[in-house]
Each structure stands twice: as C-alpha cells, then as structure tokens.
Amino acid sequence: MPELPEVETTLKALRPLLLANRFLKVEILRPDMVTDPAKVRRLIKGLRVIEVKRHGKYLFINLEKKLTLILHLRMSGRLAIRRVSEPELRHERIRFHLEKGLILVFNDPRTLGRISLYPTDSLCKHPSLKKLGPDAISVSEKDFLKRLSNRKGILKAVLLNQSFVAGIGNIYTDEACFKSGLDPRRKIGGLSISERRRFYRAIIATLRKGIRNMGTSISDFLGLHGKPGKNQNSLWVYGRKGKLCRRCKTTLKSTRIQQRTTVWCPKCQRKEP
DNA sequence: ACCTACCTGGCC
DNA sequence: GGCCAGGTAGGT
C-alpha cells in the first residue's frame, strides 16, 4: 500500500494522538513482524511519546529512555486507532495499548510489515536506515541533480531505489515519469539538464499532490481513522494499462521493469530528446 | 543488474 | 487453480 504520501497522511493523523500519550503494553500477535518481540514488549511499557517522525516510507516514534520505535508498513500494512471497546479490525497483527482506552493497531493482511525498537541516538547506524537517501519530498534540487549525476540505469529503477531518494514506490514512480514527460525506460545518462530539472519538479509535484489528496487508496490504504484517500481518482497512468491517456487519448502501454508493472503513455512520454 | 522469497487476499 | 498486488532483503 503505502508510499511517502500515504505514510505522511498517516503521520499527520498519528502525531497529535500520540504526543504526550504513553504506551501501557504491547500485544504481538505475529512475532515474525517484530525484531526481538520480547524486548519490545518489556522495554516499551510505560514509555511516553516524545516525537513522531517520518523518513521515506518509515515512521519513527521517539520515546522516553532514548528509544525509537521504527515502523514500516511494506505492502499492505496500515495503522489504525481504536478504543478498547470497539470491534477488532480484520488483520490486527500488533496492538499498542495507550492511555485513555486507546489502541494503536498495526493492521496488515500480508504480514510483511516490520517493527523494531532502536536507540534514538544510533538510528543512523541501523542497517536498513543507513542505506536510505534523503527524503524524496525534502531533497533540494541541487542535491537531487548531484545524486542523479552519480547514477546510471533507467529512470524507473533509480526512482524505486530507496538509496537514491527515499519514499517513492511503484505508483508515484509511474505518475512522476508521466508528469515529467519522460519514458520510464530512459537512461539517466541520456537526460539533458532541462529534462533533469523537469524530472525533479515532477517528482515533488506528484508527491505533494498525493499528500494533498490524503494518499492513493487502490485496494487497502486507509488513513488512521479509516478514511480512504482520493488520489486514486486522479492518477494519470498507474493502474490504467490499455486505457486511453487522459491527456492525449493514446492507448497507454505497459511492461514490467524490475518485476514491477509499469504503465506509460507512448505519446506524452518521450523516448529520446 | 537481476532474481526470489516473504505472506495473504482478491479477482479471473 | 493461477495470477496479481502499494516493498524490502538477501542471494547470485
């Protein structure tokens, strides 16, 4: 489900609920989703939330005792808040019991999501986190262009790579490529300077639009309070294989790049300059 | 740069 | 039954 805009949407709803609240206990129904579940259960008890942050598709809940809870929703994960008295969701995997009878639920049909507890001061040493590039919506144009010049390969592969910039997945890659007017199979090295700038602006605009629309709800993304996003109603190419381009009415093409379905408009998205 | 595995559910 | 799915890690 979630890419940067979906995680950001979740973050915005989560922050006011968690700040100054306290974890009372954790129920781990799927231990394989948690790094050292016994430790998490033991250490988190009674800790107050100091801060809630995001980088790329990761969420960070900074706690007292200089500990950070790291969450990644992967493909089908989502966070929900409910009262103890309210009915369970269908795929609750981990429950964080908070004060005031609230439960923060990590819901995830496919159980691919991951949670771990890590010292706040050493996050930059975390084996997965240390590989991440800058957050895709915060990166400056200057930094983006510099990082781009160090990369080879095709546009789609580079955008999906979290060590280039963090937060872009399959939906927003295809959308950003469309917005930039560039064929996702183009090689980085073949881009002119104006195409590189256009690429940067398209990425930022595409992610901002996703956030403004509170995320893309294709099959199962819902916000913290169970509300779907609206971005699925205005996608240019993602999920529209074989349909007509909304801009020029050409039939959209599709192929697989890096084992991911890729859709683009052969007329609006240029192959070579 | 490419696989494949990890899981479950929905759809044909 | 087979194929597909918003992601990442770990292998060659």
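Lettering follows sequence order; numbering is per chain, from 1.
A:Cys245 SG to A:Phe178 CZ: the interatomic distance, rounded to the nearest 0.5 Å, is 4.0 Å. Here CG of A:Leu89 is found 4.5 Å from CG of A:Asn107. Values are rounded to the nearest 0.5 Å. Taking CG of A:Leu222 as the start and OG1 of A:Thr9 as the end, the distance is 11.5 Å to the nearest 0.5 Å. With values rounded to the nearest 0.5 angstrom, A:Arg196 atom CZ is found 12.0 Å from A:Glu141 atom CD. One distance of note links CD1 of A:Ile94 with CD1 of A:Ile115; it measures 4.0 Å at 0.5 Å rounding. Taken from OG1 in A:Thr10 to CD in A:Glu8, the straight-line distance is 9.5 Å, to the nearest 0.5 Å.
Scanning residues 52-60 of chain A for heavy-atom distances under 4.0 Å to DNA chain C yields A:Lys57, A:Tyr58.
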Considering only nitrogen or oxygen atoms on both sides, find all protein atoms under 3.5 Å from nucleotides 2-5 of chain C and state each distance.
unit_1	atom_1	unit_2	atom_2	d
C:dA5	OP1	A:Thr261	OG1	2.3
C:dA5	OP2	A:Arg256	NH1	3.2
C:dA5	N3	A:Arg110	NH1	3.2

Identify each atom pair where a protein N or O and an N or O of nucleotides 10-12 of chain C are less than 3.5 Å apart, giving names and distance.
none

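Other members of the hydrophobic cluster containing A:Leu123, listed by chain and number, are A:Tyr58, A:Phe60, A:Ile70, A:Tyr118, A:Leu129, A:Leu132; membership follows side-chain contacts under 4.5 Å among ILVMFWY residues, whether direct or relayed.
Only one option out of A:Thr255, A:Thr173, A:Thr262 pairs with A:Lys156 in a side-chain hydrogen bond (donor to acceptor under 3.5 Å, both in side chains); it is A:Thr262. Checked against A:Leu63 for a side-chain contact (heavy atoms from CB on, under 4.5 Å), the options A:Ile44, A:Leu18, A:Thr120 give a single hit: A:Ile44. A side-chain hydrogen bond (donor to acceptor under 3.5 Å, both in side chains) with A:Glu27 holds for exactly one of A:Arg41, A:Arg95, A:Arg93; it is A:Arg95.
Side chain of A:Arg270 to main chain of A:Lys267: no donor-acceptor pair is present (N/O by atom type, distance under 3.5 Å, no hydrogens or angles). Panel note: side chain A:Gln258, backbone A:Arg256; no donor-acceptor pair is recorded below 3.5 Å.
A gap of 16 Å separates the P atoms of C:dG11 and B:dC7, to the nearest Å.
Between A:Thr206 and A:Glu175, the closest side-chain pair of non-hydrogen atoms falls below 4.5 Å.
OP1 and OP2 of C:dG7 both lie 4.0 Å or more from every side-chain N or O belonging to A:His72. Distances shown here put every side-chain N or O of A:Gln162 at or beyond 4.0 Å from the OP1 or OP2 atom of C:dG7.
Taking a 6.0 Å sphere around CE of A:Met33, one finds it holds more than 12 heavy atoms contributed by other residues, nucleotides or ligands. Counting heavy-atom neighbours within 6.0 Å of A:Lys241 NZ, excluding the residue itself, gives a total of 12 or less.
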*For DNA chain C, the dot-bracket pattern of Watson-Crick and G-U pairs whose distances stay under 3.5 Å, | for other-strand partners*: |||||.||||||
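Nucleotides of DNA chain B that come within less than 4.0 Å of any heavy atom of chain A span, from the 5' end to the 3' end, B:dA1 to B:dG10.
Counting to the nearest Å, the P atom of C:dT8 and the CG atom of A:Leu132 are 8 Å from each other. As rounded to whole Å, 17 Å separates atom P of C:dT8 from atom NZ of A:Lys130.
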